[in-house]
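Just so we're on the same page: letters track the sequence lines, and every chain starts at 1.
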Protein chains: 2
Amino acid sequence: MRSREYGQFCGLARAAEVLGQRWTLLILRDLLVGPRRFSDLVTGLPGIPTNLLSTRLRELEGDGLVTRELQAGQPRSVVYRATPRARQLAPALDELGRWGAATMRKPRDGEVVTDASLVAALRAAANPGGIPSTIRKVVYVVRSGTAIAHVTVRNASITVEPGECPDPDLVLVAGPNFRDLLAGELEPDAAVDAGAVALHGDDKLLAEFVAVFRVPYADPATNGDRAGPTTPGDHLAEG
Amino acid sequence: MRSREYGQFCGLARAAEVLGQRWTLLILRDLLVGPRRFSDLVTGLPGIPTNLLSTRLRELEGDGLVTRELQAGQPRSVVYRATPRARQLAPALDELGRWGAATMRKPRDGEVVTDASLVAALRAAANPGGIPSTIRKVVYVVRSGTAIAHVTVRNASITVEPGECPDPDLVLVAGPNFRDLLAGELEPDAAVDAGAVALHGDDKLLAEFVAVFRVPYADPATNGDRAGPTTPGDHLAEG
DNA sequence: CGGGATCCCCCGAGATACTG
DNA sequence: CAGTATCTCGGGGGATCCCG
């Protein structure tokens, strides 16, 4: 079998052949946030070798997941864009991201947060069922390290985009314990004093924010078992 | 950054560090079907080097996803088991499997179907909402190549397990166009004549089977766009 | 300056053989 | 049965170079 293949007629194996290549999952994560130029991707993926990025983009184009558009202008500009087929990956990447986030506590040495990773994390955490019925439109700006995203919550929709936004109702600057807040282990009232977040604006809106964005928290000590044994029926009867 | 790491404080990056290693996704797929011995895994993963399997199992044990139990007996036996934390991956792997299956048409040259891949595919395709209200208990056996699984459909539950089962109500032997049937592109009445399936037993139960197991079918020609442009709100506003 | 291509080194993966 | 040992080879990492 060729190097990246697995020799099985299996959906998961086919997915692994594409997504199992190093950096591919993060390239797609960034492209699902929006179209990006080569240099944008290099910036958003610190440490990626440029030759590998080039190779991956060509492979993804061949797999029908990315399109390549030449932009007018001098110096010339190339824009990479996720195809509809790649956008169908969003639910799977959200699941993977939530699973991976469940055991994250502190950044490892040298780990960074990028705009795209912040946007992806917030989109994966978004819970439309948590939108208060009283809301008309609220705009948040979220900062974590140097990463910035803005959130617009309306009656029945949550949108998350990278970067700043003028006139936000509330700016949240994530502190060391920010995830404890989103995991529900820290009450909104206590979050500022606990160093989870610093607020600029209408700080009463923080309670709405944590109602809308929730992350699970797996206990590593029990290998992730949080609420007793997994019952059959949770997910058919796997295991 | 160490070789498998990405240097980002991001749930998806953490997931990729574990699942992006070659063969890891398929090892977990097999272990989510049930506990397996080393030689079971070697059999279910044709082509995997035994030293790599050994390495991966040790890594997964270190990541808290697999436990290793010595079984009594001579020759000695070792059983590997997915931890609860690994079982939390099931929804993500199902999503990935459905995504990968959406563009599968025919097996590539030499591709096989294993018991575990058949079980995983059926579990990912299971749709409890499709269970007819008239059902009490129906048992199917499904064969695809040399792979065998059996399915039990009850009032509100679907279980899929590997291997045979005594006294099934209906045996389905998958033919070349079996997926067209599950994708809804082939009516149950026409399936046998079209070579999608051969039946042994109460063939009127086939309609119930296809109501319970559904797979999506992406059109490769349009890069996976099946029903017009993706509307914002389908998945927040990604893209 | 953006968008790559080229080069070299080395680690990780594949294949096979062998052992407690 | 359940791995380890050894070798080879391709792909990834890192730096540099190139071209419009």
Side-chain angles (χ1 to χ4, degrees), chain A residues 1-8 13 16-28 30-31 35-63 66-81 110 112, chain B residues 1-8 13 16-27 30-31 35-63 66-81 110:
Chain A
M1 94 191 83
R2 283 209 307 275
S3 68
R4 77 174 203 176
E5 303 183 354
Y6 286 104
Q8 299 199 3
E17 291 172 1
V18 176
L19 308 176
Q21 306 304 308
R22 187 150 166 82
W23 289 104
T24 297
L25 225 31
L26 297 192
I27 293 168
L28 286 170
D30 279 28
L31 289 177
R36 292 288 180 267
R37 292 173 306 168
F38 190 89
S39 54
D40 296 331
L41 292 168
V42 171
T43 304
L45 302 168
I48 192 174
T50 59
N51 60 347
L52 184 57
L53 176 57
S54 177
T55 300
R56 288 290 177 268
L57 288 169
R58 245 181 286 117
E59 291 170 351
L60 288 170
E61 195 182 358
D63 290 328
V66 163
T67 60
R68 185 191 145 99
E69 298 169 24
L70 272 83
Q71 219 75 347
Q74 197 65 349
R76 82 178 189 282
S77 174
V78 182
V79 173
Y80 295 92
R81 196 180 300 268
V112 299
Chain B
M1 90 192 89
R2 283 209 305 274
S3 69
R4 78 173 203 177
E5 302 182 354
Y6 286 104
Q8 299 199 4
E17 291 172 2
V18 176
L19 308 176
Q21 306 303 309
R22 187 150 165 81
W23 289 105
T24 297
L25 225 30
L26 297 192
I27 293 168
D30 280 27
L31 289 178
R36 291 289 180 266
R37 292 172 306 166
F38 190 89
S39 53
D40 297 331
L41 292 168
V42 171
T43 304
L45 302 168
I48 191 173
T50 59
N51 59 351
L52 184 57
L53 176 57
S54 177
T55 301
R56 288 288 177 271
L57 288 169
R58 246 180 284 119
E59 292 169 351
L60 288 169
E61 195 182 358
D63 289 329
V66 163
T67 60
R68 184 191 146 98
E69 298 168 25
L70 271 84
Q71 219 75 346
Q74 195 69 345
R76 83 176 189 281
S77 173
V78 182
V79 173
Y80 295 91
R81 195 180 301 269

Sugar-phosphate only, base, or nothing, as touched by R4(B) at under 4.0 Å among non-hydrogen atoms: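 The answer is nothing, as R4(B) stays clear of every strand by at least 4.0 Å.
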
Sugar-phosphate, base or nothing in reach of T50(B), heavy atoms under 4.0 Å: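 Contact class for T50(B): base.
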
Which nucleotide sits closest to the side chain of [X]: [options]?
X	options	answer
R68(A)	dG3(D), dG4(C), dA2(D)	dG4(C)
R22(A)	dA2(D), dG12(D), dG3(C)	dG12(D)
S54(B)	dA2(D), dG3(C), dT4(D)	dT4(D)
Y80(B)	dT6(D), dG3(D), dG13(D)	dG3(D)

Could you state the [atom1]-[atom2] distance from [X] to [N], rounded to the nearest angstrom?
X	N	atom1	atom2	result
R36(B)	dG3(D)	CZ	P	16 Å
I27(A)	dG3(C)	CD1	C1'	15 Å
I48(B)	dT4(D)	CD1	P	13 Å
E5(A)	dG10(D)	CD	C1'	15 Å
L41(A)	dG2(C)	CG	P	14 Å
Q71(A)	dG3(C)	CD	P	10 Å
W23(A)	dG12(D)	CH2	C1'	11 Å
E59(B)	dG12(C)	CD	P	9 Å

Would you check if the side chain of [X] reaches a backbone N or O of [Y] as a donor-acceptor pair within less than 3.5 Å?
X	Y	result
R56(B)	R22(B)	yes
S54(A)	T50(A)	no
Q21(B)	G20(A)	no
R4(A)	A16(A)	no

Divergence of helical axes at both termini of the helix from dC1(C)-dG20(D) to dG20(C)-dC1(D) - five pairs an end, 10° steps: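 Axis angle across the helix from dC1(C)-dG20(D) to dG20(C)-dC1(D), nearest 10°: 30°.
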
Any R58(A) side-chain N or O less than 4.0 Å from OP1/OP2 of dA5(C):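 True: R58(A) side-chain N/O within range (under 4.0 Å) of dA5(C) OP1/OP2.
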
dA13(C) OP1/OP2 closer than 4.0 Å to side-chain N/O of R56(B):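 The answer is yes; a side-chain N or O of R56(B) sits under 4.0 Å from OP1 or OP2.
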
Plane angle bin for W23(A) and Y6(B) - parallel if under 30°, tilted between 30 and 60°, otherwise perpendicular: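 Correct class here is perpendicular.
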
Donor-acceptor pair between Y80(B) and R68(B) side chains, under 3.5 angstrom: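 R68(B) and Y80(B) do have a side-chain donor-acceptor pair below 3.5 Å.
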
Side-chain ion pair, E61(B) and R58(B), N-O less than 4.0 Å: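 Here E61(B) does not pair with R58(B) in a salt bridge, since their nearest N and O are not under 4.0 Å apart.
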
Presence of salt bridge, R37(A) and D30(A), under 4.0 angstrom: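 Here D30(A) does not pair with R37(A) in a salt bridge, since their nearest N and O are not under 4.0 Å apart.
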
Polar side-chain contact N51(A)-dG4(C) base: donor and acceptor under 3.5 Å: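 Side chain to base: no pair below 3.5 Å.
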
Nearest-nucleotide 5' precedence on DNA chain C, D40(A) against S3(A):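 Per heavy-atom nearest nucleotide, the more 5' residue is D40(A).
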
First of Q21(B) and F38(A) reached from the 5' end of DNA chain C, by closest nucleotide: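 The residue closer to the strand's 5' end, by nearest nucleotide, is F38(A).
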
